Structure formats: structure tokens, C-alpha cells
Amino acid sequence: MKILTSSPVPEDLVKPDLEHQKVERKLSRTTVPVSSKTFAKVMKDIDTFIFDADGVLWLGESVMPGSPKLIDYLIKNDKQIIVLTNNATKSREVYAKKLAKLGYNSKVMNKDNLVNPAAVVADTIKRSGMNLKDKKVYLIGEQGLRDEMDELGIEYFGHGNEENKKEITEDNGAFIYDIKLENNVGCVVVGYEKHFNYLKMMKAANYLKDDSVLFIATNEDETYPGPIAHVIIPDAGPIVASIKCVSGREPITVGKPCTPAFKYIQRKWNINPSRTMMIGDRTNTDVKFGRDHGLKTMLVLSGCHQIEDIVENQMNDRDDMVPDYVATCLGALVPHEHPVVYY
């Protein structure tokens, strides 16, 4: 599958009318283009909307034009809103503040309605029965994971750059033959971390030699949508893949499209899958997550994947990555009587 990097969306893409003829020429009848004229009909059969964040609600530090207006429209129509991101670098509280800063309704778009892999990782460890008083977590990850584990009283170590300074020297030679390993490690958690290196990979693999040690990954996204066109930004996927390769073990991956995130949402909100829609910008995470768990799905073209990716999935019989609906972006769904305000 071709993974496209993202650039800021031109304002002409968020005008209400979707160019149906151009889109329909490429799509089969299994995916329906939606615009401001048809979204209200689609919306009637949906009680809960689950939104991806990066490439859907925002891009980098900028709001996606028109998206807050669409959220307001759904709120006025008594729809339940959940934000489900695969980004574990920040906590739910930090993302809630970002949403408020970008102009989203803070009464609804708050921490309590946000889900990210960091929160699901912490919940998974807590629910695993691991004795948190005696066992520690070896953590490869950013601040968001630390914040969510702090909230549940989970002890962790290994993050950041300090151990690199102590243990990696020019005297090591080409390979490191001896490392200091902690006792009583009950879990290895792997997510995106900018300080990830050979030493962290080696330590994670050695802890994972013990089959009783849990191996949890935040997500396996290959890339992250960023605001600079044509710049590839690696996500957690390549880091997780390296540890899978060297350890020979498969992790419990909690982010989209995997089931732990869905189970977390079901426990918290008791959603009806047949009346829930997943809206995102990636076919292999957002759309697949929805299709695998019985949700309606919509791909917006404001982030990673485009029409060509849907067509490729159709040609390869990857129905699990073919959305029910497609739209240029959220702003293009706002009805004419609720005009888009460009934030």
C-alpha cells in the first residue's frame, strides 16, 4: 500500500460540494462519496461518531479547516463524540487542551471523551493482573505514556536519553556485548520515542526472553501525518517491528486497528457497533478498525490515504480496508444551513 505524506489542506477542498463525478469514476459502488448535501441522511443512522485526530481534526499544530463546525453540528444533533488517536506521545489531558486551543467544544471534546494508546496501555497493564508493587515496566515511549501510567500508579523505567549517555561509549566497539538489566521486569512497552536506539532494542529483547514478561505495543503505524509536504515522519511501527524481529515475539498491540482499543471503548461507552461510525484518514488503521469491529466507516482525504489507496484495496480484495463512505474532509460535510467557518 502506498503511504502518502500530508500537507496542509487547501481551503477549496473543504468547501461543501464534493466533486462526485471525478470520485465515482474511480470508486466501485461499495464506497459512497458523501458531501454536505448527503451527510444528514447518513448521519440519521449513527448514534456515535469516533474520530481519528491527526489528519482529521488537526494537522501538526493547525486545526483542519471546517472540522470544529462539523463537530458542533453533530453535538447539536445529540450525537456522541469520541476521539480515538493512535498517537501516544501525549496524554489525553494534553490532547484535550490542544483541541480547546484549536477551537473545538471543550465541554464535549475533553479528556473523558478521548482515547489514545497510552491510556489503553496503562489500562491493559492494570487489567493484566501484573503485581504492580513487585513488577516494573521497561518503557520505550514519550511523555504521554508516562503520564497515563503515573495516573494508574504503574512503575516504569528506561525512557529518555539518560541510559544512553551512561552505557553507550566509543569503547563499546561495533557491538555491545554486556548490558545492565533490571530485576523484576513484568512488562515491556514499546511506542514511538525519538531517543530509540540499538541499546534500547537490545534491552527490550533481553527482557522479552522471559515468556512471562508482557510485550505491549502502542500502535504499528508506519508513518505520521505532518504539516510539511513530502517529508516522511516514521511512527511507532518501525520501532515495534525492530523489537519483534530481534525478540521473535509478537506484541499485544492496543492501537487501531487492534481489538484492545475497541474493547476499551465498549467498556467505557457501551456503544452499539451497528450505529457507530469510525472516521479517519488511513485505510489500514482507521477503516480496518471499523470494519473489523462492525462499525460504519468513512475515509477523509485530508491526511494519509487517498482515493487511489481505496481503489488499490478494492483490486486486491482487501475489503477490510475499503470504507463505506469517503469525503474530502470533515468541513465538506457541514450542511449549507450551517456554513463552514474557516478557523
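Values below: all heavy atoms of this structure, side chains included; hydrogens, waters and symmetry mates excluded. A quick note: this is a predicted structure, and the numbers were derived from the prediction, not measured.
With a 4.5 Å cut-off on side-chain heavy atoms, Thr48 and Trp269 do not count as touching. In this structure, the side chains of Val32 and Asp324 stay at 4.5 Å or more apart for every pair of heavy atoms. Side-chain contact between Lys244 and Pro251 is present, with at least one heavy-atom pair separated by less than 4.5 Å. Within the 4.5 Å cutoff, no side-chain heavy atoms of Met278 are placed close to those of Phe51. Leu181 is listed as a side-chain neighbour of Tyr207, based on a closest heavy-atom distance under 4.5 Å. Between Asn87 and Asn116, the closest side-chain pair of non-hydrogen atoms is not below 4.5 Å. Between Phe215 and Glu250 the shortest side-chain heavy-atom distance does not fall below 4.5 Å. Counting heavy atoms from C-beta outward, Asn105 and Pro68 have side chains that stay 4.5 Å or more apart.
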Exercise. After noting the C-alpha distance and the side-chain angles of Tyr325 and Val42, does the key distance pass the side-chain contact (heavy atoms from CB on, under 4.5 Å) rule?
Worked result: CA-CA 9 Å; Tyr325 303 98; Val42 172; 3.8 Å; yes
Exercise. Is there a side-chain contact (heavy atoms from CB on, under 4.5 Å) between Met202 and Ile176 once you walk through the steps?
Worked result: CA-CA 9 Å; Met202 186 177 180; Ile176 301 173; 4.0 Å; yes
For this session: Apply the test side chain to side chain donor-acceptor pair (under 3.5 Å) to residues Gln266 and Asn270: give CA-CA distance (whole Å), side-chain angles for both, the deciding distance (0.1 Å), then the verdict.
Result: CA-CA 5 Å; Gln266 270 199 320; Asn270 193 29; over 6 Å; no
For this session: Apply the test side-chain contact (heavy atoms from CB on, under 4.5 Å) to residues Ile81 and Asn113: give CA-CA distance (whole Å), side-chain angles for both, the deciding distance (0.1 Å), then the verdict.
Result: CA-CA 7 Å; Ile81 307 294; Asn113 290 325; 5.9 Å; no
Exercise. Checking side-chain contact (heavy atoms from CB on, under 4.5 Å) for the pair Phe39/Lys37: CA distance, chi angles, key distance, verdict?
Worked result: CA-CA 6 Å; Phe39 179 66; Lys37 297 177 181 178; over 6 Å; no
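Residues Pro117 and Thr218 share a closest heavy-atom pair of CB-O, 3.4 Å. Taking every heavy atom of both residues into account, Asp52 and Thr85 meet most closely at OD1-CA, 3.9 Å. Minimum interatomic distance between Ile46 and Lys296 (heavy atoms only, all atoms of both residues): CD1-CG, 3.8 Å. In this structure, Val213 and Val185 approach most closely via the heavy-atom pair CG2-O, 3.4 Å. Minimum heavy-atom separation, Ile271 to Gln80: CG2-NE2, 3.9 Å. For Thr253 against Asn219, the heavy-atom pair with the smallest separation is CG2-CA, 3.8 Å.
Both Leu102 and Val108 belong to a common hydrophobic cluster when Ile, Leu, Val, Met, Phe, Trp and Tyr are linked at side-chain heavy-atom distances under 4.5 angstrom. No single ILVMFWY cluster, assembled from side-chain heavy atoms under 4.5 Å apart, contains both Val94 and Met149.
The backbone N or O of Ala119 lies less than 3.5 Å from no partner atom in the side chain of Asp123, so there is not a single donor-acceptor pair. Side-chain N or O atoms of Thr276 include one that pairs as donor or acceptor with a backbone N or O of Asn272 at under 3.5 Å. Side-chain N or O atoms of Lys256 include one that pairs as donor or acceptor with a backbone N or O of Leu84 at under 3.5 Å. Looking only at distances, no side-chain donor or acceptor of Asn77 sits under 3.5 Å from a matching main-chain atom of Lys79. No donor-acceptor pair under 3.5 Å is formed between the side chain of Asp281 and the backbone N or O of Val300. A donor-acceptor pair under 3.5 Å is formed between the side chain of Asn313 and the backbone N or O of Asp309. With Tyr264 contributing its side chain and Thr259 its backbone, the two residues share no donor-acceptor pair below 3.5 Å. The closest donor-acceptor contact from the side chain of Asn110 to the backbone of Lys107 lies under 3.5 Å. Of the possible donor and acceptor atoms, none in the side chain of Ser67 sits under 3.5 Å from a partner among the backbone N and O of Leu330. A donor-acceptor pair under 3.5 Å is absent between the side-chain atoms of Thr328 and the main chain of Ser302, judged by distance alone.
By the 4.0 Å N-to-carboxylate-O rule, Arg291 lies too far from Asp319 to be salt-bridged with it. A salt bridge is absent between Glu312 and Arg318: the closest approach of a Lys/Arg side-chain nitrogen to an acidic carboxylate oxygen does not fall below 4.0 angstrom. A salt bridge links Arg92 with Glu151: at least one charged nitrogen is closer than 4.0 Å to a carboxylate oxygen. Electrostatic pairing of Lys90 and Glu142 does not count as a salt bridge here, judged by no charged N lying under 4.0 Å from a carboxylate O. The existence of a salt bridge linking Lys200 and Glu193 is confirmed by a sub-4.0 Å separation between a basic side-chain nitrogen and an acidic carboxylate oxygen.
For Thr124, the side-chain contact (heavy atoms from CB on, under 4.5 Å) partners are Val120, Ile216, Val254, not counting sequence neighbours. Residues passing the side-chain contact (heavy atoms from CB on, under 4.5 Å) test with Pro257, sequence neighbours excluded: Thr285, Lys288, Phe289.
Donor-acceptor pairing under 3.5 Å is recorded for the side chains of Asp150 and Tyr156. Using a 3.5 Å distance cut-off with no hydrogens or angles, the side chains of Tyr192 and Asp221 do not pair a donor with an acceptor. Under 3.5 Å, the side chains of Asp235 and Thr223 contain no donor-acceptor pair of N or O atoms.
Exactly one residue among Val311, Val326, Leu301 makes a side chain to side chain contact (heavy atoms under 4.5 Å, CB included) with Gln306. That residue is Leu301.
A distance of 8.0 Å separates NE2 of His305 from CE of Met321, quoted to the nearest 0.5 Å. If you take CD1 on Ile71 and CG on Leu57, they are separated by 5.5 Å, rounding to the nearest 0.5 Å. Rounding to the nearest 0.5 Å places CD1 of Ile125 at 4.5 Å from CD1 of Ile154. Taking CG of Asp54 as the start and OG1 of Thr89 as the end, the distance is 8.0 Å to the nearest 0.5 Å. In this structure, CD1 on Ile252 lies 8.0 Å from SG on Cys187, to the nearest 0.5 angstrom. Atom NZ of Lys69 sits about 14.5 Å away from atom CG of Leu333, to the nearest 0.5 Å.
Ring to ring, Phe157 and Tyr138 are close: their centroids are under 6.0 angstrom apart. For Tyr95 and Trp58, the distance between ring centers is under 6.0 angstrom.
Residue Lys101 places its NZ atom among 12 or fewer non-hydrogen atoms of other residues, nucleotides or ligands, all under 6.0 Å distant. Annotation for Lys209: atom NZ does not count as buried by contact number, only 12 or fewer foreign heavy atoms lying within 6.0 Å. The local environment of NZ in Lys98 is crowded, with over 12 non-hydrogen atoms from other residues, nucleotides or ligands closer than 6.0 Å. Heavy atoms of other residues, nucleotides or ligands lying less than 6.0 angstrom from CD of Glu93 number 12 at most.
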